[in-house]
Amino acid sequence: MSLPRQLRDESDFSQLPDDVPVSAHIADIEEKKGLTNYFMFLISVKTKGGGKYLVYRRYSQFHTLNATLEERYGPESPSSNYRISLPIMPGKVYMGNKRDIAESRIPILNIYMKTLLSLPTWVLLDEDVRLFFYQTTHDKDTMPSGRLRRLRPPTRKVRSDSTPIPDSERPRAEALYDFMGNHKLELSFSKGDLVYLLSRINKDWLEGTVKDLTGIFPQSYIRIIKDLPEQIVTISWLRCYLHREDLCEIRTIALEDDVNVVPSFQQLLELIRKELPGEEEVVLNYLDEEGDMIRLLDDQDVRVMVSQSHRPSARKTSIPWQLHLTHPDNFGVYEQCR
């Protein structure tokens, strides 16, 4: 018996215990020395009840968990009535610089954990899944040696200015809620505090000062009184055409990364799933130079799509390339483009 994928609806989610992990991402890596040197992944885990903590896991532990779940729930499992499509685990690498290998695994393992924790609720309750994300006493007592560089945006120190701007003209905001930073890079403040703005880190985080303290904080905690001056930047967008049976819906997604950096196929797929919830089953396509719709299947297809957009004949626009999203079984759109 094969179970369909469960949607994470409110009734399913409400029945989960508060200590069940619902999201996780790698905050940093740390080198451990022994008979042989190896790297640990520092994973920031968030639970359904809102708890946050760090756990330390080796790559081999990821592999062991994946092998256990494949044997228990994979399509070839002979012993289970509950079968699902598990996320793909990156293969082992036997040659190369260990730090470089660990760094290269971070985005892939992040995708693996995100996909794993998006599976049906009964997978989250699996004993091995819960043990993998459980904070042991060793995890709790081990202090990170680094600055958890992947856990939050970077910040900078305030530089002195020979001609200070009057307070009435400085970009500033009012704190709507108390915010207690959980790291030395984050700025703590109380409701009603006046926060002077220094820079915009990304669409969700700002940098500012309160009472001579400097740090970063989420924009959702403040009300802007005088905004930062508009920066002259080239905003890049990804335009998506979502093809349904009887209509085509257009969506535009802001890209935070440089468009000159070619994304992987998996990164594109994860971006679409994040920005367009409920469209997990779509496939990615693009229109080539001759107007034919081409389905993207791997990283090589993505490189071809991006290379075509960079040619001199390509139309210059803030949208460097476009994606056409279709249902896997909808082949009519390919005929319409011929």
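Values reported hereafter were calculated over all heavy atoms of this structure, with side chains retained and with hydrogens, waters and symmetry mates removed.
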Between atom [atom1] of [X] and atom [atom2] of [Y], what is the distance when rounded to the nearest 0.5 Å?
{"X": "Asp126", "Y": "Leu131", "atom1": "CG", "atom2": "CG", "result": "9.0 Å"}
{"X": "Thr68", "Y": "Tyr73", "atom1": "OG1", "atom2": "OH", "result": "10.5 Å"}
{"X": "Leu228", "Y": "Leu198", "atom1": "CG", "atom2": "CG", "result": "8.0 Å"}
{"X": "Gln219", "Y": "Leu206", "atom1": "CD", "atom2": "CG", "result": "5.0 Å"}
{"X": "Lys114", "Y": "Lys274", "atom1": "NZ", "atom2": "NZ", "result": "6.0 Å"}
{"X": "Asp227", "Y": "Ile225", "atom1": "CG", "atom2": "CD1", "result": "11.5 Å"}

Does any non-hydrogen side-chain atom of [Y] lie less than 4.5 Å from one of [X]?
{"X": "Ile294", "Y": "Val304", "answer": "no"}
{"X": "Gln267", "Y": "Leu269", "answer": "no"}
{"X": "His324", "Y": "His243", "answer": "yes"}
{"X": "Pro21", "Y": "Leu124", "answer": "no"}
{"X": "Leu242", "Y": "His327", "answer": "no"}
{"X": "Leu54", "Y": "Asp139", "answer": "no"}
{"X": "Arg130", "Y": "Val20", "answer": "yes"}
{"X": "Thr214", "Y": "Glu207", "answer": "yes"}

*Is it true that atom NZ of Lys46 has more than 12 heavy atoms of other residues, nucleotides or ligands lying nearer than 6.0 Å?*
no
Sole residue of [options] in side chain to side chain contact (heavy atoms under 4.5 Å, CB included) with [X]:
{"X": "Asn285", "options": "Val282, Leu287, Val283", "value": "Val283"}
{"X": "Ile43", "options": "Gln135, Met113, His25", "value": "Met113"}
{"X": "Leu284", "options": "Thr326, Val302, Leu325", "value": "Leu325"}

Looking at every heavy atom in both [X] and [Y], which two are closest together, and how far apart are they?
{"X": "Lys226", "Y": "Leu197", "result": "O-CD1, 4.0 Å"}
{"X": "Leu65", "Y": "Asp128", "result": "CD1-O, 3.7 Å"}
{"X": "Ile29", "Y": "Ala102", "result": "CD1-CB, 4.0 Å"}
{"X": "Pro17", "Y": "Leu125", "result": "CD-CD2, 3.8 Å"}
{"X": "Leu323", "Y": "Leu268", "result": "CD1-CD2, 4.2 Å"}
{"X": "Cys240", "Y": "Ile272", "result": "SG-CD1, 3.6 Å"}

When you look at Leu296 and Met305, which way does the side-chain contact (heavy atoms from CB on, under 4.5 Å) test go after all the steps? CA-CA 9 Å; Leu296 298 173; Met305 174 186 71; 4.2 Å; yes
Would you say [Y] ends up clustered with [X] if hydrophobic residues are merged whenever their side chains have heavy atoms under 4.5 Å apart, either directly or through other cluster members?
{"X": "Ile222", "Y": "Leu176", "answer": "yes"}
{"X": "Tyr59", "Y": "Leu116", "answer": "yes"}
{"X": "Val210", "Y": "Tyr177", "answer": "yes"}
{"X": "Leu119", "Y": "Tyr112", "answer": "yes"}

task: Determine, step by step, whether Ile101 and Phe39 satisfy the side-chain contact (heavy atoms from CB on, under 4.5 Å) criterion, reporting the C-alpha distance in whole Å, the side-chain angles of both residues, the deciding distance to 0.1 Å, and the verdict.
output: CA-CA 10 Å; Ile101 293 173; Phe39 282 87; over 6 Å; no
Backbone of [Y] reached by a side-chain donor or acceptor of [X] within 3.5 Å:
{"X": "Asp193", "Y": "Ala175", "answer": "no"}
{"X": "Thr209", "Y": "Leu213", "answer": "no"}
{"X": "Asp299", "Y": "Ser264", "answer": "no"}
{"X": "Asn110", "Y": "Ile26", "answer": "yes"}
{"X": "Asp178", "Y": "Ser190", "answer": "no"}

Handout entry: Cation-pi geometry met for Arg58 and Tyr38 (6.0 Å, 45°)
Key = yes
Subject >> Cation-pi geometry met for Arg105 and Phe41 (6.0 Å, 45°) >> reply: no
_One pair to check against side-chain contact (heavy atoms from CB on, under 4.5 Å): Met40 and Tyr56. What are the steps and the verdict?_
CA-CA 6 Å; Met40 300 284 287; Tyr56 294 72; 3.5 Å; yes
Worked verdict on Phe179 versus Phe189 for ring pair (Phe, Tyr, Trp, His ring centres under 6.0 Å): CA-CA 5 Å; Phe179 177 71; Phe189 49 75; 5.8 Å; yes
Is there a salt bridge (charged side-chain N to carboxylate O under 4.0 Å, His left out) between Asp301 and Arg295 once you walk through the steps? CA-CA 8 Å; Asp301 290 341; Arg295 181 174 292 192; over 6 Å; no
I would like to know whether Tyr221 and Trp205 meet ring pair (Phe, Tyr, Trp, His ring centres under 6.0 Å); could you show each step before the answer? CA-CA 10 Å; Tyr221 279 73; Trp205 287 74; 8.9 Å; no
query = Going through the checks in order, is the salt bridge (charged side-chain N to carboxylate O under 4.0 Å, His left out) test met by Glu30 and Lys32?
reply = CA-CA 6 Å; Glu30 280 193 7; Lys32 302 295 182 181; 3.3 Å; yes
(request) Would you please test Phe132 and Phe62 for ring pair (Phe, Tyr, Trp, His ring centres under 6.0 Å) and show each step? (result) CA-CA 8 Å; Phe132 181 84; Phe62 277 93; 4.9 Å; yes
*Pair Val129-Leu69, side-chain contact (heavy atoms from CB on, under 4.5 Å): steps then yes or no*: CA-CA 9 Å; Val129 173; Leu69 296 179; 3.9 Å; yes
In terms of side-chain geometry, is the basic nitrogen of Arg273 or Glu270 positioned less than 4.0 Å from the acidic oxygen of its partner? yes
